[in-house]
Amino acid sequence: TNSLIAMDGAGNLDWYHQVFPHDIWDRDMVLTQIVELGNGDEVVVHTGKGGVVLGYDPDTGAVLWNTPVGRHQNDDLPTFTEPTTVMPGVLGGVETPPASADGTVYLAVMNSPSTYESPEQRFNLNAQLGTYPSDLVAIDAATGDIDWTVPIPGDSLGGVTVVNDLLFVSTFQGLLLAYDRATGEEVWRHDAGAM
């Protein structure tokens, strides 16, 4: 049900938050990490196919911030009766694990739409890959503010990796790219060939 839950070591529920109470688009929110802030505090960062990133207080579960990322279209509809294009689609939003360093969260966002003919066909895998570039996004984990966003040339289905001052991402089309962690500027790319 698109929720994040916190349980203690005995299996008791401490807190939970449901991101999409009425989700008709299968927006799995399955990616979670604990990010250390510069002052010694921590924030729980939660994201997924819904194309939003949330920060939670790890003790209480209070939502500290909620930041949309990537393209959004018709994803807030409670129902539909005619063919409808939705973003993030079935392979859209944040599909792969983000990375973090020095209080910043880095994530790749798939801007892949899906068109659904009817409510009965909602869960067919009809991702329209290659429609739009993906995005590489840097978010301040303390505030939820976006530091920068840059386009990734292709469908980024690989997780973001931080190594020193570089970010590495890959695309379904076969590119391996390196970006400057501070600015998002592309440093280099290598065409490894599409599968």
Side-chain angles (χ1 to χ4, degrees), residues 2-6 15-21 23 25 27-76 86-89 92-112 132-171 177-187:
N2 304 308
S3 299
L4 179 65
I5 62 171
W15 54 261
Y16 73 94
H17 177 74
Q18 187 176 20
V19 182
F20 303 115
D23 177 26
W25 306 119
R27 296 174 287 186
D28 305 331
M29 295 290 288
V30 298
L31 303 169
T32 306
Q33 64 180 183
I34 298 174
V35 177
E36 293 184 9
L37 305 177
N39 60 5
D41 290 339
E42 295 178 331
V43 62
V44 178
V45 176
H46 181 210
T47 190
K49 290 169 55 174
V52 294
V53 187
L54 295 95
Y56 301 87
D57 181 300
D59 297 320
T60 66
V63 177
L64 304 174
W65 47 265
N66 183 337
T67 304
V69 292
R71 294 176 181 249
H72 291 262
Q73 176 183 342
N74 294 323
D75 60 328
D76 59 350
V86 178
M87 281 194 293
V94 182
E95 288 282 342
T96 56
S100 65
D102 301 324
T104 302
V105 178
Y106 305 97
L107 35 90
V109 184
M110 288 276 295
N111 291 310
S112 172
Y132 300 102
S134 296
D135 292 322
L136 180 61
V137 182
I139 296 178
D140 184 326
T143 65
D145 294 336
I146 294 177
D147 291 336
W148 51 258
T149 301
V150 296
I152 299 171
D155 298 302
S156 187
L157 284 167
V160 179
T161 302
V162 176
V163 179
N164 299 324
D165 60 350
L166 294 178
L167 301 171
F168 295 96
V169 297
S170 61
T171 69
L177 301 112
Y179 293 86
D180 183 280
R181 186 160 66 95
T183 65
E185 181 180 353
E186 183 180 321
V187 176

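Note: hydrogens, waters and symmetry copies are ignored here, and every other heavy atom, side chains too, is used.
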Check: E36 and E42 side chains under 4.5 Å, non-hydrogen atoms = yes
Can any side-chain N or O of N164 pair as donor or acceptor with the backbone N or O of L166 at less than 3.5 Å?
-> no
Should Y106 and V169 count as side-chain neighbours, where that means a heavy-atom distance under 4.5 Å?
-> no
Member of H46, H17, K49 meeting the side chain to side chain contact (heavy atoms under 4.5 Å, CB included) criterion with M29 | H46
Side chain to side chain contact (heavy atoms under 4.5 Å, CB included) assessment of W65 paired with V53 = CA-CA 8 Å; W65 47 265; V53 187; 3.8 Å; yes
Carefully, step by step, assess E186 and V150 under the rule side chain to side chain contact (heavy atoms under 4.5 Å, CB included).
-> CA-CA 9 Å; E186 183 180 321; V150 296; over 6 Å; no
Among T32, L31, V137, which one satisfies side chain to side chain contact (heavy atoms under 4.5 Å, CB included) with P98?
-> L31
Centroid separation W25 to F20 less than 6.0 Å | no
After noting the C-alpha distance and the side-chain angles of V63 and Y56, does the key distance pass the side chain to side chain contact (heavy atoms under 4.5 Å, CB included) rule?
-> CA-CA 5 Å; V63 177; Y56 301 87; 3.8 Å; yes
So, T104 side chain and A138 main chain: donor-acceptor pair closer than 3.5 Å or not?
-> no
So CG of L64 and CG of L54: to nearest 0.5 Å the spacing works out to 9.5 Å
Between V69 and the options D135, T149, N111, V94, the side chain to side chain contact (heavy atoms under 4.5 Å, CB included) test singles out V94
For residues R27 and V19, determine if any side-chain heavy atom of one lies less than 4.5 Å from a side-chain heavy atom of the other.
-> no
Any sub-3.5 Å donor-acceptor pair from T171's side-chain atoms to G154's backbone N or O?
-> no
